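Nothing here was measured: the structure is a model prediction, and the numbers come from that model. We're numbering straight along the sequence, starting at 1.
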Amino acid sequence: MIGILIIAHGNLGDALINCMTHVLGKRPEGIASMQVAGTDSPRELMPSAQRMINALDEGDGVLIITDIFGASPSNLACKMLVPGRVEAVAGANVPMLVRAITYRTRGMETLLKRVVSGGCEGVFHIAADPILGPQIAHSAANEGVPALNRH
């Protein structure tokens with residue numbers, strides 16, 4: 001099973017894990033979060049991040065999920081990468097994490113594809129009619145193709 005480390009600003013990682021615990025009815029195994037403050041140096045956080053990666057790696061590697069590409073959490077993740085063993089994805093959201101939990105026993109390559117697609121496909125624009133309610137939900141991944149029509 002591939003371990004999952006969420007490296008994010010503040011308590012976002014803990015909040016995502018709490019959300020998954022709520023959805024699944026129990027806390028997923030092999031998942032942890034690391035909080036990063038705006039004043040933290042990625043270089044100073046490296047030893048703690050490496051310890052967490054080592055603890056999560058059961059032999060199949062670790063996926064790091066970060067919140068914003070180019071920010072301190074993703075910069076730290078970039079310093080931890082080992083191709084095929086420690087990989088990273090930025091843009092953390094709940095659909096992405098659901099995919100990570102679901103596909104982490106199927107190998108790193110499959111996991112990476114499913115996590116990225118889950119993160120994209122889970123973003124929708126929901127247009128609402130004041131009387132009828134939600135009418136059309138457009139998936140960001142499908143470039144505006146209606147994913148839900150209610151009439």
Side-chain angles (χ1 to χ4, degrees), residues 1-127 134 137-148:
M1 178 172 67
I2 297 170
I4 300 168
L5 176 59
I6 303 170
I7 302 177
H9 290 96
N11 65 353
L12 177 61
D14 293 331
L16 288 169
I17 293 171
N18 289 338
C19 183
M20 287 307 306
T21 300
H22 174 78
V23 169
L24 298 174
K26 64 178 183 174
R27 183 184 169 103
E29 294 180 24
I31 188 169
S33 69
M34 180 175 200
Q35 295 185 6
V36 177
T39 57
D40 288 336
S41 162
R43 189 170 307 285
E44 291 174 6
L45 295 174
M46 285 178 62
S48 295
Q50 189 61 59
R51 281 191 296 276
M52 294 179 90
I53 289 168
N54 292 344
L56 289 167
D57 191 350
E58 297 179 353
D60 295 316
V62 174
L63 174 65
I64 301 172
I65 298 176
T66 72
D67 50 4
I68 303 170
F69 180 75
S72 295
S74 73
N75 291 339
L76 173 58
C78 288
K79 294 178 185 326
M80 308 311 297
L81 297 178
V82 178
R85 297 281 319 147
V86 179
E87 298 281 356
V89 174
N93 62 36
V94 175
M96 177 185 287
L97 194 54
V98 169
R99 291 273 180 101
I101 297 298
T102 304
Y103 288 95
R104 64 190 182 151
T105 59
R106 300 196 184 172
M108 189 65 79
E109 186 175 335
T110 298
L111 178 62
L112 288 167
K113 288 177 186 174
R114 297 299 181 162
V115 165
V116 170
S117 68
C120 294
E121 292 166 3
V123 176
F124 288 85
H125 168 227
I126 302 171
H138 295 283
S139 169
N142 294 325
E143 299 180 22
V145 176
L148 168 69

Is a side-chain N or O of [X] found less than 3.5 angstrom from the main chain of [Y], in a donor-acceptor match?
| X | Y | value |
| --- | --- | --- |
| T110 | G107 | no |
| S74 | I68 | yes |
| D57 | V62 | no |
| D67 | G91 | no |
| R27 | I31 | yes |
| D14 | N11 | no |

Worksheet item: With a cut-off of 6.0 Å (strictly less than), are more than 12 heavy atoms of other residues, nucleotides or ligands near CD of E29?
Response: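 Result for CD/E29: open.
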
Distance-minimising heavy-atom pair for [X] and [Y]:
| X | Y | result |
| --- | --- | --- |
| L76 | M34 | CD2-SD, 3.9 Å |
| C19 | V94 | SG-CG2, 3.8 Å |
| M96 | A90 | CE-O, 3.8 Å |
| N93 | G119 | ND2-O, 3.1 Å |
| G118 | P95 | O-CB, 3.4 Å |
| L5 | A49 | CD2-O, 4.3 Å |

What's the separation between atom [atom1] in [X] and atom [atom2] in [Y], rounded to the nearest 0.5 Å?
| X | Y | atom1 | atom2 | value |
| --- | --- | --- | --- | --- |
| L112 | Y103 | CG | OH | 14.0 Å |
| L45 | K79 | CG | NZ | 11.0 Å |
| L12 | Q35 | CG | CD | 10.0 Å |
| I4 | I17 | CD1 | CD1 | 9.0 Å |
| I65 | S33 | CD1 | OG | 11.5 Å |
| E87 | M108 | CD | CE | 5.5 Å |

Item to complete: Could you check I101 against M20 for side chain to side chain contact (heavy atoms under 4.5 Å, CB included), going step by step and ending with a plain yes or no?
Response: CA-CA 9 Å; I101 297 298; M20 287 307 306; 4.0 Å; yes

Worksheet item: Side chains of S117 and R99: donor-acceptor distance under 3.5 Å anywhere?
Response: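 Yes, a side-chain donor-acceptor pair sits under 3.5 Å.
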
Worksheet entry | Donor-acceptor side-chain pairing of S48 and R51 below 3.5 angstrom |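 Yes, R51 and S48 have a side-chain donor paired with an acceptor closer than 3.5 Å.
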
Worksheet item: Hey, mind stepping through I6 and L97 against side chain to side chain contact (heavy atoms under 4.5 Å, CB included) and telling me if it holds?
Response: CA-CA 9 Å; I6 303 170; L97 194 54; 4.1 Å; yes

Practice prompt. For E109, check salt bridge (Lys or Arg N to Asp or Glu O under 4.0 Å) against everything at least two apart and list the hits.
Written response: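 Checked E109 against salt bridge (Lys or Arg N to Asp or Glu O under 4.0 Å); matches are K113.
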
Worksheet item: Listed by chain and number, what are the salt bridge (Lys or Arg N to Asp or Glu O under 4.0 Å) partners of D60, not counting sequence neighbours?
Response: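 Salt bridge (Lys or Arg N to Asp or Glu O under 4.0 Å) list for D60, sorted by chain: empty.
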
Just wondering, do [Y] and [X] contact through their side chains at under 4.5 Å, heavy atoms?
| X | Y | value |
| --- | --- | --- |
| I2 | T105 | no |
| K26 | T21 | no |
| V115 | L63 | yes |
| L111 | R106 | no |

